[in-house]
Amino acid sequence: MEIINVSLPDGSVKQYPVGHTALQIAESISHSLAKRVLSALVDNEIWDATRPISKDCKLKLLTWEDDEGKATLWHSSAHLMAEAIEHLYPGVRFWVGPPVENGFYYDIDTGEEKITLNDLEVIEKKMMELVKQNHPYIRKEVSKKEAIEYFKDKKDPYKLDLLEKLNDGDITFYTQGSFTDLCRGPHVPDTGYIKGIKLLTVAGAYWKGDEKNKMLTRIYGISFPKENELKEFLHQLEEAKRRDHRKIGKDLAFFTFSENVGMGLALWLPRGTVVRYELEQFLRKIQNKNAYQPVVTPHIAQKQLYVISGHYEKYGKDSFQPIRTPQEDEEFFLKPMNCPHHCEIYRSLPRSYKDLPLRLAEFGTVYRYEQHGELHGLTRVRGFTQDDAHIFCTNEQVKGEFKKVIDIVLKVFEVFGFKDYVAQVSLRDMENKQKYIGKEEAWEKAEQSIIEAAQEKGLKTKIEYGEAAFYGPKLDFMVKDAIGRKWQLGTIQVDYNLPERFELEYTGADNQKHRPVMIHRAPFGSLERFIALLLEHTGGNLPVWISPQQVAVLAISEKFNLYAEKVVHLLSENNIRVLSDDRNEKIGKKIRESELMKIPFMLVIGEKEKENNLVSVRQHKVGDVGSMSVEEFIQHIKNIVENYQ
RNA sequence: GCCGUGUUAGCUCAGUGGCAGAGCAACUCACUCGUAAUGAGUAGGUCAGGGGUUCAAAUCCCCUACACGGCUCCA
């Protein structure tokens, strides 16, 4: 019998007979491992675990722990869903059904039928029924001719369209039960591997993503190799829902929207506004220390400004339309960004190399006409305030400035408890350099500077080629929040375009005119987005220093309201944000409501406290922490507030 | 913008062709209370807005506004 050498990830090489499958190899290692194998990486190609291996190879067994393993199960689940749908809705046509980051979907032309959210449960049930039958996924290599005939027979224009692009000899079918699909694979051995199934949502999706094409029905789902993993997932969904900033923002009275004001335009309520102010204050302090200079610019500007900046040409028709005036031909635009205004500030004086770096900072509110369907809570809005700053510097100073901005971003992460992040460096597409504006040497140097700055700051870095904007390379951070979701935060962007368009100059040591480099940066991105992220990250339990109400004074009965007022007064004098709940309600109720409002400290006040000038301190989510004098409490909370950084 | 689903009291939601509902919140009264909801009562509605079908519409149909999910993932 012929023998093949299989090298495993631990470096060992084992011999097996030709035609052994990954599954059999796993079985030879351990039975429990074999049960978990979903597919296998054979010489870096993903294979079915049941596909015979006939040559020496490197083998990695893929389980649920591997992304590729997950993808395999989800891909098989997509086929299973298609089979179930074909049973329930004979005659529907299928486009593609890939695994995605969190599950799978299938795009379906449902013809005359309509599949809605209400139908998902029935499809799920049918899927579970098919799971129990343990149908194997059978791989079959077919000729292009055979494949075309099969789908012609089935009158399936979609698969025929896919086949057009495929080469003969490269085509495989997978069949499980009664369903056969054109598919590269791989798949799990049989449907029994799919244990927990949840179909999540129905959506429309254009065929091939082109809005001129027909809209197909896309059904999203997710599946798991164990039922309790599904339960855990559903639990996490609940948790994410609970932490939804739109819900928390409403419950805690941070912000609201009004149909009369318009979609995507948040109204900040008093409590939310305090949070905004605290965030601004926090950054202002850091920026002052870092020699930023504050500026303020208007919310509108003449059309001319955006003609110069190029935004008029690029976004003119897809933006808020011009504001007209009694003056014929006069047009103003709402500002979609602060940079052009800041360029004008730069231009207002002759600049010397000695003035650089010039760092202009503004909490600038901008307006962008985001598409109707793009809007989402505070994360995608039509009016928002950027914690913007523009640094005008020489190309040589780019690296140093990046390092300083990285420090600020890392400070933000530290203070708000974002521990898991990766810096992403976006560079040019090296194959296609002509589409970028700016000088080759400048780009070269800036790209190098960013990489070095990130390295020297010890950042975990990922370099992405082709992700740079046409006007410059950038660095931004991908952070994970408390429940593991990824957010992009803290962009630092080099810009060669605007200095050019605004003809910005400085006089160098050589007495010649030079063009400065512009760096855009926004550690929070926008206050709206950052607060949304913060609410979801903390579940609404904000740090004390940023909480809109830090203390609630709760009198046990109306008899103690006078003393409560005195306590409120003492705390207020010490800049502690405090309110007294002087309603004629039971203490239990007052506590409950303060807890629900996530107020960090509650001071319970009754006979004992009044007699001895004490307060009984209850901490949010912790409970009663004992009593102390008012002065002690003031010191206690001041320590917490002042030591956040 | 496109597809789908929604919009009922301040909030959360029930009501699917035949009298507009509940809990919480609000207001009034009683209770003056010790660490997550005191009790009783009162008030609160253009059922998102507009049009249509019907003897009769929150309910069915059409239009509009707003909200939610998706529209990048290529067998």
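It should be emphasised that the depicted structure is a prediction, and the values quoted were computed from it without experimental measurement. Every chain is numbered from 1, with letters handed out A, B, ... down the list of sequences. Excluded from the calculations below are hydrogen atoms, water molecules and symmetry mates; all remaining heavy atoms, backbone and side chain alike, are included.
B:rC3 atom P lies 15 Å from atom CG of A:Asp109, rounded to whole Å. Distance CG (A:Leu596) to C1' (B:rU12): 13 Å, rounded to an integer number of Å. Rounded to an integer number of Å, the gap from CG of A:Asp581 to P of B:rA26 is 10 Å.
Counting non-hydrogen atoms under 4.0 angstrom, A:Glu595 reaches a base of the nucleic acid. Note on A:Val96: only backbone sugar-phosphate atoms sit closer than 4.0 angstrom, heavy atoms only; bases stay farther off. Residue-level contact check: A:Asp170 touches the bases, meaning some heavy atom is under 4.0 Å from a base atom. Within the nucleic acid shown, A:Gly606 comes within 4.0 Å of at least one base atom, counting heavy atoms only.
Side-chain proximity of A:Glu558 to the nucleotides B:rA36, B:rU32, B:rA65 is greatest for B:rU32. The side chain of A:Arg592 lies closest to B:rA36, out of B:rA75, B:rC73, B:rA36. Each of B:rA75, B:rU38, B:rC71 was ranked by its minimum atom distance to the side chain of A:Leu162; first place goes to B:rA75.
Nearest-nucleotide mapping onto RNA chain B: of A:Glu593 and A:Lys250, the residue sitting toward the 5' end is A:Lys250. Closest-nucleotide positions on RNA chain B for A:Trp95 and A:Gly262 were compared, and the one nearer the 5' end corresponds to A:Gly262.
Counting only N and O atoms by type, the side chains of A:Asp481 and A:Trp487 include a donor and acceptor under 3.5 Å apart. There is a side-chain donor-acceptor pair under 3.5 Å between A:Trp64 and A:Glu229. Side-chain atoms of A:Tyr137 and A:Asp181 include no donor-acceptor pair closer than 3.5 Å. Side-chain contact of A:Tyr174 with A:Asp48: a donor-acceptor pair under 3.5 Å is present, judged by distance alone.
At a cut-off of 3.5 angstrom, counting only N and O atoms as typed in the model, there is no donor on one side facing an acceptor on the other between the side-chain of A:Glu370 and the base of B:rG1.
Residue A:Lys559 places at least one side-chain N or O closer than 4.0 Å to OP1 or OP2 of B:rC33.
For the C1' atoms, the distance from B:rG21 to B:rA36 is 29 Å, rounded to whole Å.
Of the nucleotides present, B:rG6 is the one that pairs with B:rC66 by Watson-Crick or G-U wobble criteria, both distances under 3.5 Å.
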